[in-house]
Amino acid sequence: MSLTALFVLCRFAHFASLMQIFGLSVFCSLLAPAGFTAMLLRKNQTLMMWSGAVAAITSVGMLSIQAMLMGNGWSDGLNLNVWLLVLTTTFGEVWRWHLLLTAALMLVLLMDWLSVRNLLVFLCSLGLLLSQALIGHAAMHNGILGLVQRLNHMVHLLSAAYWFGCLLPLLACMYYTRKPELRPFAIATLIHFSTWGHAAVALVILTGIMNTAIILQRWPTELTSLYQCLLVIKILLVGIMATIAVYNRYRLVPLMGNDSGHAERRFVLMTWVEWGLALFVLLLVSLFATLAPR
């Protein structure tokens, strides 16, 4: 495997795990009623811990890969001197704080007795996502344009993390709609998710358009460019995801409870499809980081 391919896979896993943690913390605490939060957290505990482990491993992995790229290849992957050199670069200045926040996140995840644990998980994942807007193509401009680009990308990351990260806990929440004593709590959580989900989808699209305008400064119509081809594919996939979200909310949700569970089963299937498409979009985004935006 080439270092470029390894970087793409590592960045993909890092983004997916951070977004999953952010979505879990938002869905289980901020969207769920107070009496339902603890139950949702227990239901999603394994997913939260595995996502944290992946985020921690890949944060160190990305530093190691940068050392390989800056040094003499695979042999410098564990060379601490090269690591320290990487940490003096623009990437490294951001990544120092990124590693510190990742360590804090892992510590908090292990403190399951802490009453404010999920709030701290939310704050750590928030900081880790926002730091991604300070490196790569999102930081290619300086001055006012650079500030606008970074702020826009931060909103893009958070809205995308809400959309993607809430899909799996949403499926877990659907399980409780079949339990009469918990159904009101589950329905309230789903309504909150849907309300904020409208804003998240709209922001993903609007900030994505602005990102494209700032980076390319034109529509991605030159299909001889690999970057623009992949960008067009990403746009189409996001469009399909948005269509699925609208179909689920306005076609399937009103049918739930009026049939023998057919609408609910279809809702679950379509949500899994939406989640799979989101993973592919994240893979494309990770590949973008290795290409010149032209």
Side-chain angles (χ1 to χ4, degrees), residues 11-33 36-56 58-59 101-102 105-106 108-109 117-133 153-176 186 188-205 207-208 237-238 241-242 244-245 248-249 267-268 270-283 285-286:
R11 194 170 188 267
F12 160 71
H14 192 63
F15 261 104
S17 58
L18 287 182
M19 288 185 170
Q20 189 60 76
I21 293 169
F22 179 81
L24 282 167
S25 63
V26 169
F27 193 94
C28 295
S29 289
L30 302 182
L31 301 182
F36 193 47
T37 294
M39 191 169 296
L40 273 180
L41 285 172
R42 285 195 298 271
K43 182 76 172 176
N44 293 282
Q45 176 70 10
T46 300
L47 178 59
M48 179 79 83
M49 294 303 297
W50 275 107
S51 297
V54 171
T58 51
S59 64
L101 273 175
T102 304
L105 173 65
M106 289 306 299
V108 170
L109 285 174
R117 174 177 180 252
N118 203 56
L119 173 61
L120 295 176
V121 169
F122 166 74
L123 292 174
C124 287
S125 61
L126 177 67
L128 287 165
L129 284 171
L130 293 179
S131 70
Q132 297 290 332
H153 197 63
M154 287 178 181
V155 175
H156 187 70
L157 286 170
L158 294 181
S159 52
Y162 177 94
W163 189 358
F164 168 76
C166 286
L167 290 177
L168 292 186
L170 168 68
L171 290 171
C173 189
M174 289 292 295
Y175 166 79
Y176 292 109
T189 306
L190 295 175
I191 290 173
H192 293 157
F193 164 76
S194 177
T195 301
W196 288 102
H198 285 75
V201 172
L203 285 172
V204 166
I205 294 171
T207 54
L237 290 176
V238 171
M241 289 174 59
I244 291 174
N248 280 351
R249 173 61 184 85
F267 181 95
V268 170
M270 296 305 291
T271 301
W272 275 114
V273 172
E274 190 177 353
W275 184 76
L277 291 173
L279 282 178
F280 193 60
V281 169
L282 288 178
L283 184 60
V285 170
S286 300

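Since the model is a prediction, treat every value here as computed from it, not as a measurement. All residue numbers in this chain count up from 1 along the given sequence.
- Contact detail for F164 and A16: the closest heavy-atom pair is CE2-O, 3.5 Å.
- With contacts defined as side-chain heavy-atom distances shorter than 4.5 Å, the pair H192/L30 does not qualify.
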Exercise. Given H156 and L203, is the side-chain contact (heavy atoms from CB on, under 4.5 Å) satisfied, shown in steps?
Worked result: CA-CA 7 Å; H156 187 70; L203 285 172; over 6 Å; no
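- Contact annotation: the side chain of F27 approaches that of C173 to within less than 4.5 Å [non-hydrogen atoms, C-beta and beyond].
- Within the model, atoms CG of L24 and CE of M19 stand 13.5 Å from one another, a figure rounded to the nearest 0.5 Å.
- With Y162 contributing its side chain and V201 its backbone, the two residues share no donor-acceptor pair below 3.5 Å.
- To the nearest 0.5 Å, atoms OH (Y175) and NZ (K43) are separated by 5.5 Å.
- Using a 3.5 Å distance cut-off with no hydrogens or angles, the side chains of Q20 and W50 do not pair a donor with an acceptor.
- Minimum interatomic distance between S159 and A200 (heavy atoms only, all atoms of both residues): CB-O, 3.6 Å.
- Side-chain contact between L109 and R117 is present, with at least one heavy-atom pair separated by less than 4.5 Å.
- Between the side chain of S29 and the backbone N or O of V26, no donor-acceptor pair lies under 3.5 Å.
- Once rounded to the nearest 0.5 Å, the distance linking CD1 of I244 with CE of M241 reads 8.0 Å.
- A distance of 10.0 Å separates OG in S131 from CG in L126, rounded to the nearest 0.5 Å.
- The nearest pair of heavy atoms linking M106 to A53 is SD-N, 4.0 Å.
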Point to revise | Chi angles and distances behind the side-chain contact (heavy atoms from CB on, under 4.5 Å) call for T271, M174 | key: CA-CA 11 Å; T271 301; M174 289 292 295; over 6 Å; no
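- A donor-acceptor pair is defined here as one N or O able to donate and one able to accept, closer than 3.5 Å; such a pair exists between the side chain of T37 and the backbone of C28.
- Between F280 atom CZ and L237 atom CG the span is 6.5 Å, to the nearest 0.5 Å.
- Remark: the backbone N or O of I21 is paired with a side-chain donor or acceptor of S25 at under 3.5 angstrom.
- Between S17 atom OG and F12 atom CZ the span is 9.5 Å, to the nearest 0.5 Å.
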Requested in this report: Assess whether side-chain contact (heavy atoms from CB on, under 4.5 Å) is satisfied between F15 and T58, documenting all intermediate values.
Outcome: CA-CA 9 Å; F15 261 104; T58 51; over 6 Å; no
Run the numbers on L18 and Q132 for side-chain contact (heavy atoms from CB on, under 4.5 Å), then give the verdict. CA-CA 11 Å; L18 287 182; Q132 297 290 332; 4.3 Å; yes
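- Side-chain atoms of L170 and F267, non-hydrogen and from C-beta on, do get closer than 4.5 Å to each other.
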